[in-house]
Visitor: 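One structure is given below, represented as structure tokens, and several questions about it will come after.
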Amino acid sequence: MPEATHVASGKVRELYALDTDRLLLVASDRISTFDVVLPTEIPDKGRVLTGLSAFWFGRTSHLVPNHLLALRADGRSTECRRLEMLPIECVVRGYLSGSGWKDYRATGEVCGHRLPSGLSESEQLPEPIFTPATKAQTGHDENIDRATAAKLVGAERLAEVEEAALELYALAADHARNRGIILADTKLEFGLDDADRLVLGDEAFPPDSSRFWPADAYAPGGTPPSFDKQFVRDYCETLGWDKTPPGPELPADVVEGTRARYVEAFERLTGISFDEYLADPDVVLG
Ligand code: Q0Z
């Protein structure tokens, strides 16, 4: 891609600079499970994630402006405004899972939120909570309390970010729930534009940075199946793999089943056929 300079690689995405003000985010078809990128790709996964993100950017810009400038015809690349990213991950949790469940079990709190006693794993919280985390360069993000987050971004900015993140989550979780999907939690990233205005960046509610659970299989007191990755996880569990790199190749039926789940998530959440998206990605922008 001669018109762009590569600036960063994520586990499953690449970031390029188009010029001083614009970046290109490219979502690959790579998939990770148990934090390991597998050698087998899921066809169209990057397009599903890009299309879903763009769908949410289009439907939330009245709440918070976002970095999206344009979708490319390949359906997997997003041109976006270059921001000065805030040094925290903005996690919102409506359900008690992952590191939230771990912290709650150990302390009764998550990021300084004291929660009712006796909650089960994956239980819905009385109300969604904002649980910021540090951005770890390697390894896992670490949950932090409000005072630590305020040191990183300032108390005023933190209050603004918390309000924005909670509003975004409420909108997306309500929309998803009406389509049979529980959005258990999500990780958002914000940045500042050249006038220091708060802007939503990176991705918005793709299954890679949110927990999606099928509502019809949900029950508290365990780990509900993941809407998108459950076939991959189940297959990996049959292998006795120790979850350290390299990960296993996936057989064709696991690839096909997983692709179908991604496409189903896209179609349920957007109400748009995935074929329509492939023909013209801008259909998700409404
Ligand atoms: C996003 C990331 C990826 C590796 C930087 N609008 C923006 N302005 C400035 N920086 C970013 C964005 Cl989105 C930005 N990342 C995350 C994405 C590969 C890392 F595709 N890093």
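Counting convention: from 1, in listed order, for ligands and their atoms alike. Any value given below was found using the heavy atoms of this structure, including those in side chains, with hydrogens, waters and symmetry copies removed. Quick note: residue numbers are just sequence positions, from 1.
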Visitor: Any side-chain heavy-atom pair from R76 and V26 closer than 4.5 angstrom?
Guide: yes
Visitor: Can you name the atoms of ligand 1, numbered from 1 with element, that are less than 4.0 Å from a heavy atom of S9?
Guide: 4 (C), 18 (C)
Visitor: Just go through V26, L15, V7, L83 and tell me whose heavy atom is the nearest to atom 5 (C) of ligand 1.
Guide: L15
Visitor: What's the shortest distance from atom 18 (C) of ligand 1 to any protein heavy atom, and which residue and atom give it?
Guide: G10 N, 3.4 Å
Visitor: Hey, what else clusters with L69 if you join Ile, Leu, Val, Met, Phe, Trp, Tyr whenever side-chain heavy atoms sit under 4.5 Å?
Guide: none
Visitor: Measure from atom 7 (C) of ligand 1 to every heavy atom in D21, L23, V12, V199 and give the option owning the shortest one.
Guide: L23
Visitor: Flag the pair W101 / S122 as yes when at least one side-chain heavy-atom distance between them is below 4.5 Å, and no otherwise.
Guide: no
Visitor: Around atom 19 (C) of ligand 1, find the nearest protein heavy atom and jot down its residue, atom name and distance.
Guide: A8 CB, 4.3 Å
Visitor: Side chain, backbone, both or neither: which part of M85 has a heavy atom under 4.0 Å from ligand 1?
Guide: side chain
Visitor: Under a 4.5 Å cut-off applied to non-hydrogen side-chain atoms, are Y277 and T270 in contact?
Guide: no
Visitor: Can you tell me the protein heavy atom closest to atom 16 (C) of ligand 1 and the distance?
Guide: D202 OD1, 3.5 Å
Visitor: Under 4.0 Å from ligand 1, counting heavy atoms only, is it the side chain of E14, its backbone, both or neither?
Guide: backbone
Visitor: List the closest protein heavy-atom neighbour of atom 17 (C) of ligand 1: residue, atom name, distance to the nearest 0.1 Å.
Guide: R13 NH2, 3.5 Å
Visitor: List ligand 1 atoms under 4.0 Å from R82, heavy atoms only on the residue side.
Guide: 8 (N)
Visitor: State, with a plain yes or no, whether a side-chain heavy atom of D194 is found less than 4.5 Å away from one of R81.
Guide: no
Visitor: Please report whether the ring centroid of F57 lies less than 6.0 Å from that of H67.
Guide: yes
Visitor: For ligand 1, which is the ligand I care about here, please tell me if L25 has any N or O atom under 3.5 Å from one of the ligand's N or O atoms.
Guide: no
Visitor: Do L183 and R211 have side chains that get closer than 4.5 Å, going by heavy atoms?
Guide: no
Visitor: Considering only heavy atoms, does A27 approach ligand 1 within less than 4.0 Å through its side chain, its backbone, both, or neither?
Guide: neither
Visitor: Closer than 4.0 angstrom, basic N to acidic O: yes or no for R259 and E256?
Guide: no
Visitor: How does R81 reach ligand 1, by side chain, by backbone, by both or by neither, if only non-hydrogen atoms under 4.0 Å count?
Guide: backbone
Visitor: Among residues two or more places apart or on two chains, list those pairs meeting ring-ring contact (aromatic ring centres under 6.0 Å, His included) that have a residue in residues 156-188.
Guide: F55-H175, W56-H175
